[in-house]
Amino acid sequence: MKTGSYLNLFCIVLTCVMFSTSCKSQYEALLNSNDVDAKYEAAFQYFNDAKYTKSAALFESLSVLTSGSERDDTVQYFWGLSNYRAKDYYVAETNFANFVESYPRSPFSSEARFLRLDCLYRQTLRYELDPTPTKVAINAIMEYITEYPSTTHMPQCNLMLDDLNLRLDTKAYEAARLYYKMEDYIASKVAFKNVLKDDSDNVYREQILYYIAMSSYKYAHLSVEQKQRERYLIFIDDYLNFVGEYPESVYRRELDAMYQRVQKVLGRFAGPDDGEGSALDEKYFKKERKALEKQEKKSAKKNETRQ
């Protein structure tokens, strides 16, 4: 490269550095200035240019200078909006919460309340983690919907509520299912019933009722012979509850097969086989039934001896 080319390149770099330094100095001068009009205009210029971090800092600085003036609510609102656009949702939520409390009659109040909700929503965690932020966001959204039933943001509010409620439903469902995976069928049944007790409209209601019935069956099947009969009868109750609510469920075939198995073990007529799912192992049934009959005879003899 020739000497002239090096010189030209040096001049370009020097010009860029000087321009950058000048801009930085100008911004810092504005930030430290008490010139309200100049700072106000610059803050909006940075905001319109999508330089939200800088506009947020200017609006924050302005908030002290414009306190009590006609510009106060505008400065406070755009301070929060700048932080929101910069994706600093924690600070923005604080901005909007303070704004709503301080300026309830401002024309920005309704939008500030919604943006606060959006900040709360964006701070929520995956369903596996702490559900507290999720619950806080749900409560805030419900309050907003109650206060602004005709809001244009209703579709977004409903979408947020659906997503947040799904996270809570999933957390409760998966926590109960963990006991089932661990083969602790007593605990799993109790946990699943508690889920429905706390929220009968849980989105996993069908699966929960299925696992309640399955827990009852497996608990009965693994029980000592003396306890099997009464526990199989509990399974039948859970099975009938499931079928009553979800007669067309994808789980119906599996539970029907178990129901027939239990009926045969108990010595009841279970109906004709369908040629596939209910054509269960007859040897298994005979073995189960003989064991049950043997146990019933022993119990009868013990009762006679006591008498």
Practice task
For residues Tyr246 and Tyr251, establish whether the separation of their ring centroids is below 6.0 Å.
Solution key: no
Exercise for the section: Taking atom CD of Glu230 as the centre, report whether more than 12 heavy atoms of other residues, nucleotides or ligands fall under 6.0 Å from it. Expected result: yes
Problem - Residues Thr151, Tyr144; criterion side chain to side chain donor-acceptor pair (under 3.5 Å); working and verdict - result: CA-CA 9 Å; Thr151 177; Tyr144 175 79; 2.9 Å; yes
Return a table of donor-acceptor pairs under 3.5 angstrom between the side chains of residues 233-243 and protein atoms on other chains or two or more places apart.
{"residue": "Asp238", "atom": "OD2", "partner": "Lys189", "partner atom": "NZ", "Å": "2.7"}
{"residue": "Asp238", "atom": "OD2", "partner": "Ser216", "partner atom": "OG", "Å": "2.4"}
{"residue": "Tyr239", "atom": "OH", "partner": "Asp256", "partner atom": "OD1", "Å": "2.5"}
{"residue": "Asn241", "atom": "ND2", "partner": "Asp237", "partner atom": "O", "Å": "3.3"}

Exercise for the section: May I ask you to check whether Glu174 and Tyr127 show a side-chain donor-acceptor distance below 3.5 Å? Expected result: no
Exercise for the section: Spell out, as yes or no, whether a donor-acceptor pair under 3.5 Å connects the side chain of Ser63 to the backbone of Glu60. Expected result: yes
Exercise for the section: Compare all side-chain heavy atoms of Asp73 with those of Pro107 and state whether any distance is below 4.5 angstrom. Expected result: yes
Exercise for the section: Quickly, which of Tyr89, Phe59, Phe99 forms a ring-ring contact (aromatic ring centres under 6.0 Å, His included) with Tyr84? Name it, please. Expected result: Tyr89
Practice task
Determine the sole option in Phe47, Trp79, Phe78, Tyr46 for which the ring-ring contact (aromatic ring centres under 6.0 Å, His included) test with Tyr52 is passed.
Solution key: Phe47
Problem - Main-chain N/O of Lys51 paired to Asp49 side chain as donor or acceptor, under 3.5 Å - result: no
Exercise for the section: First locate atom CD1 of Ile212, then atom OH of Tyr185, and finally report the distance between them rounded to the nearest 0.5 Å. Expected result: 15.0 Å
Problem - Ring-face cation contact, Tyr148 with Arg113, 6.0 Å cut, 45° max - result: no
Practice task
Under the side chain to side chain contact (heavy atoms under 4.5 Å, CB included) rule, what do Tyr173 and Val195 come out as? Steps first, then yes or no, please.
Solution key: CA-CA 7 Å; Tyr173 168 69; Val195 171; 5.6 Å; no
Handout entry: Distance flag, aromatic centroids of Tyr103 and Phe108, threshold under 6.0 Å
Key = no
Practice task
Answer yes when Arg205 and Asp201 have at least one side-chain N-carboxylate O distance shorter than 4.0 Å, and no when they do not.
Solution key: no
Practice task
Spell out, as yes or no, whether a donor-acceptor pair under 3.5 Å connects the side chain of Asp169 to the backbone of Val203.
Solution key: yes
Practice task
Mark yes or no for whether Asp163, through its side chain, and Leu159, through its backbone, hold a donor-acceptor pair below 3.5 Å.
Solution key: no
Handout entry: Flag, side chain of Thr124 to backbone of Leu120, donor-acceptor distance under 3.5 Å
Key = no
Practice task
Would you check if the side chain of Arg116 reaches a backbone N or O of Ala97 as a donor-acceptor pair within less than 3.5 Å?
Solution key: no
Exercise for the section: Look at Lys171 together with Asp130 and state whether they make a salt bridge at an N to O cut-off of under 4.0 Å. Expected result: no
Problem - Tyr27 and Leu58: CA distance, side-chain angles, deciding distance, side chain to side chain contact (heavy atoms under 4.5 Å, CB included) verdict - result: CA-CA 9 Å; Tyr27 170 74; Leu58 286 172; 4.0 Å; yes
Problem - Derivation of the side chain to side chain donor-acceptor pair (under 3.5 Å) call for Tyr211 and Gln207 - result: CA-CA 6 Å; Tyr211 277 115; Gln207 290 92 328; over 6 Å; no
Handout entry: Ser223/Arg231 under side chain to side chain donor-acceptor pair (under 3.5 Å): CA gap, chis, key distance, verdict
Key = CA-CA 8 Å; Ser223 297; Arg231 291 172 182 173; 2.9 Å; yes
Practice task
Verify, without hydrogens or angle tests, whether Lys39 (side chain) and Asn34 (backbone) share a donor-acceptor contact under 3.5 angstrom.
Solution key: no
Practice task
Please assess Tyr77 against Phe96 for the test side chain to side chain contact (heavy atoms under 4.5 Å, CB included), listing each intermediate value before the final yes or no.
Solution key: CA-CA 7 Å; Tyr77 174 73; Phe96 291 130; 4.1 Å; yes
Handout entry: Derivation of the side chain to side chain donor-acceptor pair (under 3.5 Å) call for Tyr217 and Arg261
Key = CA-CA 10 Å; Tyr217 174 82; Arg261 177 178 296 177; 3.1 Å; yes
Problem - Ring centres under 6.0 angstrom apart (Tyr180, Phe192) - result: no
Exercise for the section: Look at atom CE of Met154 and say whether more than 12 heavy atoms of other residues, nucleotides or ligands are closer to it than 6.0 Å. Expected result: yes
Practice task
Say whether Gln76 and Ser102, considering side chains only, have a donor N or O and an acceptor N or O under 3.5 Å apart.
Solution key: no
Exercise for the section: Kindly indicate, with the supporting measurements, whether the criterion side chain to side chain contact (heavy atoms under 4.5 Å, CB included) is fulfilled by Arg229 and Val265. Expected result: CA-CA 9 Å; Arg229 183 181 183 85; Val265 169; over 6 Å; no
